[in-house]
Amino acid sequence: MAKKSFCILEQGKIVNEPCTIEKRKMFTTEFSDFYRLNWNTPDDPNAFIHEKGVTWSEGRSLLYEKVPKDYDYYIFIDDDVLFQADEGVDIPKKIKELLEEYNPIAGTFYDHKSWCFIPLNATDEELNRRKSFPIAGYDAESQIVSKSFADIMFPAIYHGAHRTDWYLQWVCHQTFPLKQMAFYDIRLLNLRSGGHSKFTKPQHCEPTEATFLFNRHVKDKSSILKTKNDVIQNNIDIFKETVDKTPINFTIEDLKKVYNINNIDFKIRKPLASRSYLYRRPWNRFWWKVTRKLTGEYRY
């Protein structure tokens, strides 16, 4: 079977929401598909799989594990976003064209209300002229991932919601900064506020906890994940650069340049929190809390 260009991977809890039905219809084409995970109920006719009560990162990890590996790109989205484009633009076809022209390793679509784009102070005219630009970090309401990158970066190392995807964006920015990009021809509209969080789950990492645990195994400590303000500054700094359109196959050797893959947390990662993961949670949380109390370094 020949590979298709991309698939859309959505997770949510609302059944038969018009937004989901519209996206499923839009992206079911000869070169793209739509898959959905419902984390609240099995009675969802639009869902590909159901897993009750999973955290946000588990949902995305499980989606990637279960969907066919017959696509060049996997586009993760939250269920409360709509795709938009100029009048007359065929959105799935345009996405396919952008992916084939720019060959990103990772990236996202432009959302004028998102925290990662507002500080760029770029006009619509400039953005329209550039069409795409490098980006260091972004809101995971949409996340484009090439197959080679997804094969290495999933499942998530630490489970939870906010910032549990920062490791993925950080790795791409550190290894191939001009291959992580934002597209302007396709834009997003976020319909709701609030997110998918399971704070009471034993596997759930707090935002600063997730970055702290990941940073322990980063090779160059001067470049570790820190605050949203650091990400914003990186976005501003790299915005003036031109994206690299060269096709690149991401490998485990690329990851090893910036991250120690021999640590236990990376080795035992699973789409759903395993017994080994839960066994290590109290120990990992203890060190996060002690470090935060002693240094204040992770109070962001």
Side-chain angles (χ1 to χ4, degrees), residues 3-9 31-32 60 64 69 71-77 94-111 114 116-117 119-120 122 126-157 163-188 214 218-220 222-225 230-259 261:
K3 279 188 180 180
K4 291 188 176 183
S5 178
F6 67 92
C7 64
I8 301 292
L9 304 179
F31 54 79
S32 64
R60 289 203 168 179
Y64 187 68
K69 301 303 182 287
Y71 305 92
D72 294 320
Y73 286 92
Y74 296 79
I75 302 176
F76 295 89
I77 61 168
K94 173 57 69 173
I95 292 176
K96 177 178 182 291
E97 291 172 352
L98 290 171
L99 296 176
E100 291 176 347
E101 177 181 357
Y102 289 92
N103 298 294
I105 289 177
T108 190
F109 300 103
Y110 185 79
D111 177 350
S114 178
C116 63
F117 297 121
L120 299 179
E126 179 182 4
L127 293 171
N128 190 54
R129 182 176 67 252
R130 295 189 64 179
K131 298 188 181 298
S132 71
F133 52 89
I135 191 164
Y138 43 91
D139 193 301
E141 64 181 1
S142 75
Q143 197 158 35
I144 304 165
V145 189
S146 70
K147 184 181 183 301
S148 66
F149 194 52
D151 284 345
I152 302 298
M153 303 311 298
F154 283 102
I157 307 170
R163 301 194 188 183
T164 52
D165 66 307
W166 274 22
Y167 78 99
L168 185 153
Q169 300 170 23
W170 179 89
V171 168
C172 193
H173 180 63
Q174 292 297 314
T175 54
F176 298 99
L178 301 182
K179 295 298 297 176
Q180 182 163 242
M181 56 194 76
F183 294 110
Y184 184 74
D185 279 354
I186 301 296
R187 298 172 291 278
L188 298 180
F214 178 82
V218 167
K219 291 186 175 180
D220 180 3
S222 67
S223 67
I224 60 174
L225 290 163
D230 294 316
V231 176
I232 289 172
Q233 187 58 55
N234 288 338
N235 286 344
I236 293 172
D237 292 342
I238 202 172
F239 177 69
K240 62 181 179 294
E241 303 293 336
T242 302
V243 298
D244 179 3
K245 296 184 178 182
T246 308
I248 291 177
N249 183 58
F250 192 88
T251 70
I252 193 68
E253 296 301 317
D254 295 315
L255 176 59
K256 287 166 63 176
K257 294 174 183 176
V258 297
Y259 180 77
I261 66 170

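It should be emphasised that the depicted structure is a prediction, and the values quoted were computed from it without experimental measurement.
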Hey, are the side chains of [X] and [Y] touching, using non-hydrogen atoms and a 4.5 Å cut-off?
X      : Y      : value
Phe250 : Cys172 : no
Leu168 : Phe149 : yes
Val145 : Met153 : no
Ile157 : Tyr259 : yes
Ile75  : Ile95  : yes

If I compare all heavy atoms of [X] with all of [Y], which pair ends up nearest, and what's the gap?
X      : Y      : answer
Thr175 : Asp254 : CG2-O, 3.5 Å
Lys147 : Lys3   : CD-NZ, 3.5 Å
Arg60  : Gln143 : NH1-OE1, 3.3 Å
Asp139 : Glu141 : OD1-N, 2.9 Å
Ile144 : Phe109 : CD1-CZ, 3.6 Å
Ile238 : Pro134 : CG2-O, 3.6 Å

What's the spacing between [X] [atom1] and [Y] [atom2] if we round to 0.5 Å?
X      : Y      : atom1 : atom2 : result
Asp111 : Ile186 : CG    : CD1   : 13.5 Å
Thr242 : Leu178 : OG1   : CG    : 8.0 Å
Arg187 : Ser114 : CZ    : OG    : 15.0 Å
Gln169 : Arg163 : CD    : CZ    : 11.5 Å
His173 : Leu225 : NE2   : CG    : 10.0 Å
Phe6   : Glu100 : CZ    : CD    : 10.0 Å

Working note: Asp72 + Leu99, criterion side-chain contact (heavy atoms from CB on, under 4.5 Å); need CA distance, chi angles, decisive distance, verdict.
CA-CA 9 Å; Asp72 294 320; Leu99 296 176; over 6 Å; no
Checking [X] now: which residues fulfil salt bridge (Lys or Arg N to Asp or Glu O under 4.0 Å) with it, not counting sequence neighbours?
X      : value
Lys219 : none
Glu101 : Lys245
Glu241 : none
Asp237 : none

Leu98 and Ser132: CA distance, side-chain angles, deciding distance, side-chain contact (heavy atoms from CB on, under 4.5 Å) verdict:
CA-CA 9 Å; Leu98 290 171; Ser132 71; over 6 Å; no
Using the test side chain to side chain donor-acceptor pair (under 3.5 Å), find all partners of Tyr184 that sit at least two apart in sequence or belong to another chain.
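Here the qualifying residues are Asp124.
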Can you sort out the partners of Asn235 under side chain to side chain donor-acceptor pair (under 3.5 Å), two or more places apart, ordered by chain and number?
none
Which of parallel (below 30°), tilted (30 to 60°) and perpendicular (above 60°) describes Phe76 and Tyr64?
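Tilted: the ring planes of Phe76 and Tyr64 meet at 30° to 60°.
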Look at the aromatic rings of Tyr167 and Phe214 and report parallel, tilted or perpendicular, splitting at 30° and 60°.
tilted
Okay, side chain of [X], backbone of [Y]: is any donor-acceptor separation there less than 3.5 Å?
X      : Y      : value
Ser223 : Asp220 : yes
Lys179 : Asp244 : yes
Thr108 : Ser142 : yes

Leu120 vs Leu127, test: side-chain contact (heavy atoms from CB on, under 4.5 Å). Steps then yes/no.
CA-CA 10 Å; Leu120 299 179; Leu127 293 171; 5.6 Å; no
Phe239 vs Glu126, test: side-chain contact (heavy atoms from CB on, under 4.5 Å). Steps then yes/no.
CA-CA 12 Å; Phe239 177 69; Glu126 179 182 4; 3.5 Å; yes
For the residue pair Asp151 and Ser148, confirm or rule out a side-chain donor-acceptor distance under 3.5 Å.
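No.
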Member of Tyr102, Phe133, Tyr73 meeting the ring pair (Phe, Tyr, Trp, His ring centres under 6.0 Å) criterion with Phe183:
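Running ring pair (Phe, Tyr, Trp, His ring centres under 6.0 Å) over Tyr102, Phe133, Tyr73 with Phe183 returns exactly one hit, Tyr102.
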